[in-house]
Amino acid sequence: MVQTIIKKSQAPLDSRDLEVCQHVFDDLRTMADVPRNSEEAEGIAAIVVELYRQGVRNREQLKTMVQAARGLFEKQPAQAGVTIGESTRFIGPISEESEHEKGNR
């Protein structure tokens with residue numbers, strides 16, 4: 001199911017909201033073996049909160065979207081970026097033309 005983000009909420013997060021975000025953050029940080037007080041952890045937290053404010057409330061959807069935004073599925077040298085808030089987050093590999101494909105032009 002594709003979720004359309006209609007409007008970013010400016011309302012403060014309540015304790016239930018923070019509980020969901022904290023749970024997702026902890027799961028993702030543990031899965032990626034990221035230290036709690038690292039720059040990477042701060043990036044994960046920022047994306048979780050941003051997506052939550054944009055209306056993604058399902059924990060599994062949040063995890064999947066943050067993993068995609070952080071490139072946690074696989075790291076490769078050339079990656080595409082997406083801007084969330086004021087910073088660019090890398091979301092995955094850019095398809096690179098192989099030497100074989102270059103030679104067939």
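Along the sequence shown, the residues carry numbers beginning at 1.
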Partner set under side chain to side chain donor-acceptor pair (under 3.5 Å) for E19, not counting sequence neighbours:
none

Kindly compute the distance separating CG (L51) from OG1 (T64), expressed to the nearest 0.5 Å.
11.0 Å

May I have the list of side-chain donor-acceptor pairs in residues 29-37 shorter than 3.5 Å, sequence neighbours left out?
from: R29; atom 1: NH1; to: V34; atom 2: O; distance (Å): 3.2
from: T30; atom 1: OG1; to: D26; atom 2: O; distance (Å): 2.8
from: R36; atom 1: NH1; to: D26; atom 2: OD1; distance (Å): 3.3

L13: what forms a side-chain contact (heavy atoms from CB on, under 4.5 Å) with it, not counting sequence neighbours?
D17, L18, V49, Y52, R53

Smallest separation among heavy atoms of K63 and L28, with atom names
O-CD2, 3.8 Å

All salt bridge (charged side-chain N to carboxylate O under 4.0 Å, His left out) counterparts of E39, not counting sequence neighbours:
none

Only counting residues at least two apart or in another chain, list the ones meeting side chain to side chain donor-acceptor pair (under 3.5 Å) with D14.
R16

Measure the CD-CD1 distance between Q67 and I47 for me, rounded to the nearest 0.5 Å.
11.5 Å

Exercise: identify the closest heavy-atom pair between V48 and L62:
O-CD2, 3.9 Å

Side-chain touch I44/R70, heavy atoms, less than 4.5 angstrom:
yes

